[in-house]
Structure formats: C-alpha cells, structure tokens
2 protein chains.
Amino acid sequence: MSCETDTVKVLRTTGHKATPQRLMILGALRHGSGHLTAAEIFGEVQAEYPYVDISTVYRTLGVLKELRLVSETDMGTGDTTYEWVQQQERHHHLICRNCDEVTSLDHQYLEDLGAEIMAESGFKPDLDHFAIFGLCAKCRLEAEQN
Amino acid sequence: MSCETDTVKVLRTTGHKATPQRLMILGALRHGSGHLTAAEIFGEVQAEYPYVDISTVYRTLGVLKELRLVSETDMGTGDTTYEWVQQQERHHHLICRNCDEVTSLDHQYLEDLGAEIMAESGFKPDLDHFAIFGLCAKCRLEAEQN
DNA sequence: CATGTAGTTGCAACCAATTGCAATTATCAT
DNA sequence: ATGATAATTGCAATTGGTTGCAACTACATG
C-alpha cells in the first residue's frame, strides 16, 4: 500500500534500480507540495545527504518522467517544474502571454480531444498536465480595442 | 506587399526597431524552409555578417515570438525550433515518446478545442503549432501486450 | 535635418541542463 | 550467500540559452 514500495516495484520491473539517491528524490517529490523545480528537489536531497550530484537529480527525473510517475511542466517562467503524478488532481493551466495570469482548465476538454485523436489515428496522447499559452479575456478585449 | 516591409511596419508600430541584425534574422527565417534551430539561423546570419552575437539571435527570436511572427516548438529532440508563421500551414505534431516517430495532426482538432475554451472562459489559446507527446498506435499495442 | 531617447547590440559572465567516462552498486540467477 | 552484469553514480566538461551592462543606433518629434 505504501506508495514507496509500489514505486520501487515499478522501477524494478522496468529494469531500473531503486538506489538511495532515487529514494531521496522520490521522497522530496512525494512530500513537497505541487510543482517543484529541479533545484528545489536538489536542495532538499542535499540537506539529507550532501554528496548527491545535480546530474543524478536530472537523470532520475528523466526516468520518472519516462515511467510517467512525475509530470514535467514548463510554466513559461523560465524554470521547468516537476510534480508527483499520483497526488495531483488532473489539471491544466491557461497562461496569459500578456499579463502572465494563470487560470485552471477543466480536464474534460483535453480528455475529449485525446479520445478523438486516439479514435482517429490510434495515437494515444499524454494529456495529463498541459500548459496552454494565449490571451486571457481581459487582455484580449484590451487588444481588440486597438 | 513585400513581407519584409510588412514586418518592419509591425516592428515599428509595436515600439521595436528594424535593425540590420533583425533583418538578416528575418531573412534567414523567411528563406529557410520549415523548422530552424537558433544555431542554424545564427550560422546563416554569420555567413552574411560575422559580427552578430548569438544572444542577439535569441533576443530577436523572443521579440518575433512575442509578436507572433514566428512559432517556437520543442520537438523533444533537445533543440527548440523556430518557424516563420506566415509561410507555414497550420499543423501539429504527434510525437511518440517510445519510438520518436512524428506524425501530423489535422488542425481542426485543436481549432475545436480552442473554440470551446474561448466560449467557456474567454481565454483565447494560442494553438497554432503544437507538439503533443504520447504513444503511437504501434508502441501502444506493444505496451498493452505486457 | 538635427536631436533626445528608448530600444538594441556585443561582450562576458552566468545559469540550467546534458553528456562521456571510469568507478561503483543494486539486482538477478545460481 | 556469491558472483556476474547491467544500471547508476559523481565528477568534470560541455552545450544551449539568458542576463547585466556600457556603448551604440534607429527613429519619432520638432
């Protein structure tokens, strides 16, 4: 039942190893709330054990992403963030390219899109966690005035 | 009618300057076919005039992206590519995260999604040129076997 | 056409992320 | 338990992209 042993199992059955470094990174992801940058994860891991390299963090995040245990999102702020998939509600972000306001988007829209694409082409898109850029209502109206 | 003078006009009216460096970068984008990396653009510009800095290329691409004259796409290969918006057909890419196969996606799917989001929330998403990751039909079937 | 000013450039330093490699280690099969 | 082996690690070097800054320049305005 512990998510930890579950994750370890997933790692092993996919030919990966459950190393101490990875367990620390997993811990940071699981206990950190929401979006974490690689640097934040690195910091937390280092507090526990200082001899871990940042490249190990990135490589581990790469593996976890591949296994779809974490999601990676570029919120357009310059840093990429990572989130533990199990604990997140399915959600998406609408980010205004003018005022940077971030609002949420119901998952249903993308669920439908995914189903359509899958039905037509057989391709199964990963649509768990999208960042969609555009113009929010306010900025759009302002832009249309000119 | 010349796209060049049109673009210059857009730059000026938005408070930007039409510098020689920018015109060279615009030329590279307009004459290069399809997706170009920043390095490719830099190379072409340097061939014409060697004293242009790579940071100028990135900054110019940033401005053009903001003005929506070029689109930026991360195809998951590690390098970001840029494309002159005027000349491209609206298209999207389905990229298999397993075998890296790239197929095209009809724009209509995203058009519909965009219209829905806009109708419901007032947010107008930029959906000109998307890279959607997932599993292609072949890899999905293989994965389901196990 | 002269001029003030805001936008831009090149440079160098910097930051985030990736990669090659030799040493190490978790895991599987015995 | 032991040993073989493939995955992983830390390190150092590298790549792709960004930023602060002083010098410069396009261009709107008069």
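So that the names make sense, note that chain A is the first sequence line, chain B the second, and so on, each numbered from 1. The shown structure was predicted, so the numbers you read here are calculated from the model rather than taken from an experiment.
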> Which class fits the ring pair His129(A) and His93(A): parallel under 30°, tilted 30 to 60°, perpendicular over 60°?
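Aromatic pair His129(A)/His93(A) classed tilted.
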> So, for Cys136(B) and Cys96(B), which heavy atoms are closest and what is the spacing to 0.1 Å?
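Scanning both residues completely, I find the closest heavy atoms to be N-SG, 3.4 Å.
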> Taking 4.0 angstrom as the limit, do Lys138(A) and Glu101(A) come out as a salt bridge?
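Between Glu101(A) and Lys138(A) there is no salt bridge, as every charged N stays at least 4.0 Å from the carboxylate O atoms.
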> Could you tell me how far apart Leu23(A) (CG) and dA26(C) (C1') are, to the nearest whole angstrom?
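Rounded to whole Å, this separation is 11 Å.
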> Rounding to an integer number of Å, can you tell me how far Lys9(A) NZ sits from dC28(C) P?
13 Å
> What are the atom names and distances for every N/O pair under 3.5 Å that joins the protein to nucleotides 18-23 of chain C?
residue: dG20(C); atom: O6; partner: Arg59(A); partner atom: NH1; Å: 3.4

> dG10(C) C1' sits how many Å from Arg22(B) CZ, rounded?
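After rounding, the reported distance stands at 14 Å.
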> If every non-hydrogen atom of Tyr82(B) is compared with every non-hydrogen atom of Ile41(B), which pair is closest and at what distance?
CB-CD1, 4.4 Å
> Can you hop from Leu141(A) to Met118(B) via hydrophobic side chains spaced under 4.5 Å?
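Per the 4.5 Å side-chain linkage, Leu141(A) and Met118(B) are not co-clustered.
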> Should Phe123(B) and Leu113(B) be counted in the same cluster of Ile, Leu, Val, Met, Phe, Trp and Tyr side chains packed under 4.5 Å apart?
yes
> Nearest whole angstrom, please: distance from the P of dT18(D) to the CG of Asp74(A).
11 Å
> Quick check: on DNA chain D, is the nucleotide nearest Tyr49(A) upstream (toward 5') of the one nearest Gly15(A), or the reverse? Name the residue that is more 5'.
Gly15(A)
> For Leu61(A) and Val70(A), work out which heavy atoms get closest and say how close.
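Smallest interatomic distance, heavy atoms only, reads O-CG2, 4.1 Å.
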> Closest nucleotide of DNA chain D for Val63(A) versus for Ala38(B): which of these residues is on the 5' side?
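First, find each residue's nearest nucleotide; the 5'-ward one identifies Val63(A).
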> In the 5'-to-3' direction, what one-character label does each nucleotide of nucleotides 23-29 of chain D receive under the scheme B = base within less than 4.0 Å of a protein heavy atom, S = sugar-phosphate only, - = no such atom?
--BBSS-
> Could you tell me which non-hydrogen atom of His92(A) sits nearest to which non-hydrogen atom of Leu127(A), and how far apart they are?
CE1-O, 2.9 Å
> Rounded to whole Å, how long is the line connecting atom CD of Glu40(B) with atom P of dG17(D)?
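Atom-to-atom, Glu40(B) to dG17(D), this comes out as 11 Å.
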> Starting from P on dT8(C), measure out to CG on Leu61(B) and report it in whole angstrom.
14 Å
> Does CD in Glu120(B) sit with more than 12 non-hydrogen atoms of other residues, nucleotides or ligands closer than 6.0 Å?
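Atom CD in Glu120(B) is not packed in, count stays at 12 or less.
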